[in-house]
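Read through the structure below, which is laid out as structure tokens, and then see the notes.
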Amino acid sequence: MPDLLTSLHTSPRVEVDRAEAQLLPVESLQTKRPVFSINSPEDALEALRSKPDHATLSRALRWLNRTVPHNDEFDIKKPGPKAAQIIFTLINDIVPDYWETLSVESGQEKNLLAQCLSSIAGVGAITSRLRLLLDLLKDSQKPAQVPVVSKTQPVEILLSVLETVLAKEDFITAIWHDIEGFNLPSSQKFLQWKEFASLVASGKVLSVASEANLTLSDLSPSIRAGSWVGDGSQYAAWLGRCMQHVVKAEKDDDVEGQKALSQLLSKGLTLGYTDQLVQAGFLDLLSGDYRSLRKSKALMTRLSAHDQRTLLYSIIRILSKQHLPTEGPSQGSRREGQGKAIGGVAALVRAIVGDVSTLQDNLVEWLVGVSADAVGQVHNAHRAVTAALSSIPEQVTKALQRGLALFGDKLYIKHTPTLHQEVNAQVLLILAGYGFRADKTYLMHLSRSSIYLNAVSNRLAASSQRARFLGMVVGTAFSELVDPKDKRMTFTADEMNGSDGQWYRSLTSVKDPVGSIKDLKPASTPSTKSSAQLLESVNSSKSPRPKKPAQSTSKVISIEEIDGSSESEAEDLPMYEKPDSDPEDEDEDPTLVRRDRPTAPVYIRDLIAGLRDDENFDRHQLALSTSSDLIRRKAAFGTEASDNIEELASILVGLGDKWEMENFQQMRLQGMIAVLIAEPLKMGQWFSRTFYNGDYSMGQRASVLTVLGLGARELAGLGKEDAALTGANATTESSSPSKRLPDKLHKIYASEAAPMDALSSQLEKTMIQPMAAAAADKFSGPNALKVRTFSSRMAVEKKRKKPIPNALAKVVADGFFFPLTGRWRIHLQSYGENSSHTSPFLLSHLLKTLSLILHASGTSTLSLPQMTAEFWDLLLSLRARATDPSVLEALLFAFLTLLGINENDQRRLAEQHAKELLETQEWVDNVFEKMGGGSEEGERIRMLAAGVLTRCREVVEKYQRTLMGDLVDFM
């Protein structure tokens with residue numbers, strides 16, 4: 001036996017002289033941030049890529065914006081590889097981390113960052129990144145990996161960046177000056193401007209922003225208000241203001257600038273918001289500023305013939321809306337103010353048209369064309385355009401001939417709307433008056449021509465009474481102009497002598513002199529927001545509360561006493577609240593100004609450090625309040641959140657309220673839900689393990705269950721309904737004060753369990769109300785005597801809810817449900833009856849959590865049969881523990897949820913779970929008989945038991961033959 005044993009080689013243990021020498025403080029193990037010296041674009045790029053802190057970012061942005069003097073020729077706005085890399089890093093790394101933080105702070109870093117992106121490459125990169133995020137947001141291949149809320153936040157941030165970059169009116173002017181300042185060949189400058197015009201004026205930016213607005217509103221209407229960049233009217237108005245700024249800034253002999261602006265205007269007219277673009281782009285000219293006429297005409301002459309026509313018609317529409325009052329047949333003669341406005345409009349239209357024959361033909365087409373551009377305008381607009389055309393006799397004669405030919409066309413009379421025919425008749429009569437005063441002989445020959453005779457005869461032979469009336473009016477008016485009194489054409493119809501007929505016949509005497517452009521008054525109410533208002537709206541959407549303007553002070557001259565009788569006189573004066581104190585006023589004393597105010601964390605490592613720093617109240621509170629938003633934002637891209645997700649979860653679960661913060665439990669709960677949503681499958685299993693194996697208190701374990709329940713519902717698309725449950729208003733009071741815990745303990749346990757209790761109560765009502773309504777309808781009388789109302793198909797479709805993508809269905813079994821049910825049996829076998837998990841508080845909370853998870857998974861979940869079988873076995877095994885009312889209520893609620901979620905597949909329940917169904921029915925029947933009523937608690941339990949019995953009997957009665965064999969064995 002001793003031969004079988006072999007001695008091993010041993011070595012003496014070397015004792016360490018000083019154990020303390022091998023131990024290093026934690027601070028020395030932490031990596032310190034390197035201090036970057038930024039002297040080149042490579043240094044700036046390296047600093048931006050190294051997850052910079054606030055100070056490093058500020059230095060890099062100042063260097064890139066040349067606020068720090070340097071002799072380097074690098075310019076981030078000049079196209080090049082280094083500039084592209086820096087812009088890519090700013091958009092993909094810096095903007096997601098820092099934009100919201102910079103928007104809250106009052107420093108200049110936000111403007112510097114926006115200035116770095118105010119270039120062709122910057123706007124193009126933002127648009128491309130936004131389109132990529134939208135494609136990922138609409139991708140339904142992997143809905144469970146990244147939740148909707150996390151994926152929408154990067155889109156919202158980029159929309160905010162785009163708003164800030166584009167908000168200024170000198171944006172296009174700065175881009176043009178940058179291109180002119182680049183040391184590039186003229187061909188490359190042309191390509192740069194062509195790319196910019198295609199990006200901004202052709203609708204690429206507008207289409208992407210509009211798609212982002214629609215996508216965000218479809219996912220959740222409460223996410224944010226629509227961005228003005230995605231609103232076509234506001235975007236076109238912004239583009240017009242930028243063009244007007246370019247017109248004012250350019251020199252008179254700048255031919256290249258006029259060509260570039262005309263190219264931009266030509267593309268902008270294709271956006272579909274022509275009037276908004278023209279109204280903002282030619283605001284000075286449309287408001288009577290004749291000094292801008294020369295530049296506007298020079299810009300217009302560089303457009304194509306089609307664009308010139310579009311621009312001219314838009315100007316006429318805008319002038320008609322802004323300056324010309326409405327006047328119809330019932331208002332009679334013109335007024336002096338109206339005549340001045342008509343003369344001003346005529347002067348401006350005449351000045352724009354000038355001697356360009358194509359524009360003159362466009363005016364004729366506007367007046368008497370088939371396209372009916374003049375139909376939608378007021379009558380005074382017809383008078384103004386006719387007055388502008390009256391100084392060109394050949395165009396007046398052309399308009400008369402075309403108008404008469406169209407007026408007498410049979411197809412036109414039969415198929416054209418009456419309004420169009422009336423406008424054509426009015427214009428024709430006004431033109432006849434101008435033609436008669438210019439050349440009486442020509443109008444006399446025209447009235448004897450076949451065009452005129454056919455027009456009147458075709459009108460008189462028309463079947464429409466209004467068409468005949470218009471023919472009589474035109475024939476009588478022409479005859480009064482050219483024929484002597486004894487040979488004039490007359491009609492004895494009653495409408496010819498009425499006010500309408502007299503007004504039409506008086507149109508031949510209308511004569512509006514062409515006035516001056518100065519007669520046009522500026523528009524009183526702008527229809528779109530200015531750039532200053534856009535900037536204010538962008539900033540106010542991020543600022544917590546706008547500052548109140550400083551109130552003016554006055555010198556006290558004297559103080560005199562007034563008696564109480566004057567109080568009655570001041571009763572009508574409004575009472576104003578005392579203004580809030582301005583924190584800036586409190587810090588006027590330099591000794592009271594704090595220089596060490598913490599900033600919101602922008603990285604996960606900063607968030608972890610802030611949560612652990614429970615000695616600094618401000619930093620700890622700021623980290624806790626921003627934890628949810630930061631985790632959700634980081635979960636949408638990169639691996640920073642996933643790499644630290646378990647550490648974050650463990651910190652939040654074990655976090656204590658050392659400072660007794662307001663809404664501490666709610667902020668902590670929101671942070672834990674964000675952690676779960678970031679990695680649903682992984683963290684669902686982690687939270688389930690933590691609930692059973694973690695060394696935590698009962699309140700902390702209850703919070704873990706609450707996180708699993710609310711997180712599962714948010715993944716299922718029900719997060720909007722549960723948003724209020726994580727707030728302070730979710731706490732419910734006990735019906736009996738004697739059953740309430742002490743205040744300190746009540747705060748902890750009530751805040752942890754209240755969301756689940758509220759959700760379970762709401763779900764109970766949702767499941768029991770249809771059964772109660774059906775029972776009431778059954779006992780209300782024979783169906784033949786009932787009057788039923790039927791909704792229309794459109795009303796039914798309107799009430800029908802849109803389907804919500806359920807991202808929970810793919811991960812509910814492996815990530816939420818089975819880890820909780822499986823570990824319950826293992827934990828019970830290991831620890832027995834003395835485990836804290838068997839306490840009524842945690843057991844009822846666990847049953848409600850499992851019920852809510854099962855309900856949120858939906859009826860189409862592939863793992864529903866397996867979850868049903870395992871949950872049913874668990875519930876039946878807990879019948880002996882239902883001695884406490886809270887456990888009994890939770891158990892009945894679980895049975896009700898289980899049967900309700902399988903309502904569409906009752907045959908499977910009868911075939912596969914016959915024994916469980918019959919056992920459940922018998923036990924619940926006994927509970928219903930033994931539980932007495934009278935108290936609120938007893939009535940609620942009886943209501944739940946009645947609901948479960950109703951569900952069970954529905955299956956039993958429907959599939960009685962299938963259950964007959966099991967029923968005999970069971971009895």
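Closest approach of Asn213 and Leu159 over heavy atoms only: OD1-CD1, 3.9 Å.
For the residue pair Thr173/Asp170, the side-chain donor-acceptor check at 3.5 Å is not satisfied.
The side-chain heavy atoms of Tyr235 and Tyr273, taken from C-beta on, include no pair separated by under 4.5 Å. The closest side-chain heavy-atom distance from Leu446 to Leu443 is below 4.5 Å. The shortest side-chain heavy-atom distance between Asp75 and Phe182 falls under the 4.5 Å cut-off. The closest side-chain heavy-atom distance from Leu269 to Val278 is below 4.5 Å.
Heavy-atom contacts from other residues, nucleotides or ligands closer than 6.0 Å to NZ of Lys297 number more than 12. Other residues, nucleotides and ligands place no more than 12 heavy atoms under 6.0 Å from the OH atom of Tyr290. Counted within 6.0 Å of CG on Asp135, heavy atoms from surrounding residues, nucleotides or ligands total more than 12; the atom is thus considered enclosed.
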Working for side chain to side chain contact (heavy atoms under 4.5 Å, CB included), residues Ser390 and Arg350: CA-CA 10 Å; Ser390 63; Arg350 183 67 185 89; over 6 Å; no
Pair Leu507-Val510, side chain to side chain contact (heavy atoms under 4.5 Å, CB included): steps then yes or no: CA-CA 5 Å; Leu507 292 178; Val510 170; 4.2 Å; yes
Verdict with supporting geometry, Gln421 and Thr416, side-chain hydrogen bond (donor to acceptor under 3.5 Å, both in side chains): CA-CA 7 Å; Gln421 299 184 37; Thr416 305; 5.0 Å; no
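None of Lys295, Arg291, Lys248 except one satisfies the side-chain hydrogen bond (donor to acceptor under 3.5 Å, both in side chains) rule with Asp284; the exception is Lys248.
Ring geometry, Trp193 versus Trp176: the interplanar angle exceeds 60°, so the pair is classed perpendicular (tilted spans 30 to 60°). Relative ring orientation between His420 and Tyr412 is described as perpendicular, the plane-to-plane angle rising above 60° on a 0-90° scale split at 30° and 60°.
Distance alone, capped at 3.5 Å, is enough to place a donor-acceptor pair between the Ser207 side chain and the Lys204 backbone.
Asp500 and Arg466 are joined by a salt bridge, as a carboxylate oxygen and a charged side-chain nitrogen come within less than 4.0 angstrom of each other.
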